[in-house]
K.L.:
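Take a look at the following structure, please.
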Amino acid sequence: QVQLVVSGGGLGQPGGSLRHSCAASRSIFAFYHMGWYRQAPGKQRELVARITSGGSTNYADSVKGRFTISRDNAKNTVYLQMNSLKLEDTGVYYCNLESTGIWGQGTQVTVSS
């Protein structure tokens, strides 16, 4: 079974940047679409960014132009670069191996001044 290990997260300031990575334990990662989700306090988990196996990306309107999802198939890793942070970016961030039900552990992001 593939495992996803998330690193990054932490505390950021409004206007600042954070970066997360999600590393898969097996090379089959390259054949799957990947997503980053977040769950804000008291809210449902929502898709933030998605990247296909071919590298096409799409984003939630709330993060478009600020967040960038990318992948390095040689490293079995997907990244989420978060720029121009806002208070409402606070939440727990998860990566997902699409169509498998496999999730990485959540990483807390807190944006605070």
Side-chain angles (χ1 to χ4, degrees):
Q1 171 120 355
V2 178
Q3 292 183 323
L4 301 176
V5 179
V6 177
S7 60
L11 180 64
Q13 292 185 330
S17 298
L18 289 172
R19 189 182 194 224
H20 312 299
S21 61
C22 172
S25 59
R26 294 179 59 189
S27 60
I28 61 171
F29 160 90
F31 300 102
Y32 287 88
H33 308 330
M34 297 291 298
W36 282 100
Y37 289 72
R38 72 181 174 198
Q39 187 163 17
K43 295 187 177 181
Q44 290 188 330
R45 193 175 298 187
E46 62 173 348
L47 178 65
V48 171
R50 178 178 182 266
I51 186 166
T52 68
S53 58
S56 297
T57 59
N58 58 280
Y59 299 91
D61 287 343
S62 59
V63 307
K64 204 170 291 184
R66 299 189 298 118
F67 290 10
T68 302
I69 187 172
S70 60
R71 66 191 300 159
D72 184 338
N73 290 337
K75 295 182 178 179
N76 298 332
T77 301
V78 63
Y79 303 95
L80 184 68
Q81 178 69 41
M82 306 168 60
N83 296 330
S84 302
L85 289 169
K86 299 180 178 181
L87 297 177
E88 53 263 41
D89 294 324
T90 294
V92 180
Y93 285 72
Y94 302 86
C95 62
N96 171 248
L97 192 66
E98 198 170 289
S99 303
T100 66
I102 297 173
W103 294 84
Q105 84 281 11
T107 184
Q108 176 69 46
V109 169
T110 302
V111 181
S112 174
S113 56

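We use all heavy atoms of the structure for the numbers below, so side chains are in, but hydrogens, waters and symmetry mates are not.
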K.L.:
Heavy-atom distance under 4.5 Å between the side chains of Leu80 and Phe67, does that happen here?
P.N.:
yes

K.L.:
Just verifying a value: how many Å separate Thr100 OG1 and Gln1 CD, rounded to the nearest 0.5 Å?
P.N.:
7.5 Å

K.L.:
To the nearest 0.5 Å, what is the distance between CZ (Arg50) and CE (Met34)?
P.N.:
11.5 Å

K.L.:
Using a 3.5 Å distance criterion without hydrogens, assess whether the side chain of Thr77 forms a donor-acceptor pair with backbone atoms of Lys75.
P.N.:
yes

K.L.:
Just verifying a value: how many Å separate Leu4 CG and Asn96 CG, rounded to the nearest 0.5 Å?
P.N.:
7.5 Å

K.L.:
Are Leu11 and Met82 connected in the hydrophobic side-chain network, where two residues link if heavy atoms are under 4.5 Å apart?
P.N.:
no

K.L.:
Looking at Asp89 and Lys86, is there a salt bridge between them, counting it only when a charged N and a carboxylate O are closer than 4.0 Å?
P.N.:
no

K.L.:
Taking the side chain as everything from C-beta on, heavy atoms only, tell me whether Ser25 gets closer than 4.5 Å to Asn76.
P.N.:
no

K.L.:
With sequence neighbours left out, which residue pairs that include part of residues 81-113 fulfil the disulfide bond (SG atoms under 2.5 Å apart) condition?
P.N.:
Cys22-Cys95

K.L.:
If hydrophobic clusters are built by linking Ile, Leu, Val, Met, Phe, Trp and Tyr wherever their side-chain heavy atoms come under 4.5 Å apart, do Val63 and Tyr79 end up in the same one?
P.N.:
no

K.L.:
Would you give the length of the straight line joining atom CD of Gln44 to atom CD of Gln39, rounded to the nearest 0.5 angstrom?
P.N.:
8.0 Å

K.L.:
Would you give the length of the straight line joining atom CG of Leu85 to atom CG of Leu18, rounded to the nearest 0.5 angstrom?
P.N.:
5.0 Å

K.L.:
Provide the closest heavy-atom pair for Gly104 versus Tyr94 in the form atom of the first, atom of the second, distance.
P.N.:
O-CD2, 3.6 Å

K.L.:
With hydrophobic residues grouped by side-chain heavy-atom distances under 4.5 Å, do Ile102 and Val48 end up in a single group?
P.N.:
yes

K.L.:
Could you measure the distance from the OG1 atom of Thr68 to the CG atom of Asn83? Nearest 0.5 Å is fine.
P.N.:
6.5 Å

K.L.:
Any donor-acceptor pair under 3.5 Å linking the side chain of Thr57 with the backbone of Ile69?
P.N.:
no

K.L.:
Whether the side chain of Arg71 engages the backbone of His33 through a donor-acceptor N/O pair (distance < 3.5 Å, no angle test) should be reported.
P.N.:
no

K.L.:
Answer yes or no: does atom NZ of Lys64 have more than 12 heavy-atom neighbours from other residues, nucleotides or ligands under 6.0 Å?
P.N.:
yes

K.L.:
Counting only N and O atoms by type, is there a donor-acceptor contact under 3.5 Å from the side chain of Tyr32 to the main-chain atoms of Ser99?
P.N.:
no

K.L.:
With no hydrogens and no angle check, is any side-chain donor or acceptor of Asp72 less than 3.5 Å from a backbone partner on Val78?
P.N.:
no

K.L.:
Do the side chains of Ser53 and Phe31 get nearer than 4.5 Å, heavy atoms only?
P.N.:
no

K.L.:
What heavy-atom pair brings Pro14 and Leu87 nearest, and what distance separates the two atoms?
P.N.:
CG-CD2, 3.8 Å

K.L.:
Would you indicate whether the side-chain heavy atoms of Val109 and Arg38 approach each other to under 4.5 Å?
P.N.:
no

K.L.:
For the residue pair Ser84 and Arg66, what are the closest heavy atoms and their distance?
P.N.:
O-NH1, 2.9 Å

K.L.:
Identify the two heavy atoms, one from Thr90 and one from Val111, that lie closest to each other, and give their separation to 0.1 Å.
P.N.:
OG1-N, 2.9 Å

K.L.:
Apply side chain to side chain contact (heavy atoms under 4.5 Å, CB included) to residues Val6 and Tyr93 and explain how you reach the verdict.
P.N.:
CA-CA 9 Å; Val6 177; Tyr93 285 72; over 6 Å; no

K.L.:
More than 12 heavy atoms of other residues, nucleotides or ligands under 6.0 Å from CD of Glu98: is that the case?
P.N.:
yes

K.L.:
Give a yes or no on whether the ring-centroid distance for Trp103 and Tyr37 is below 6.0 angstrom.
P.N.:
yes

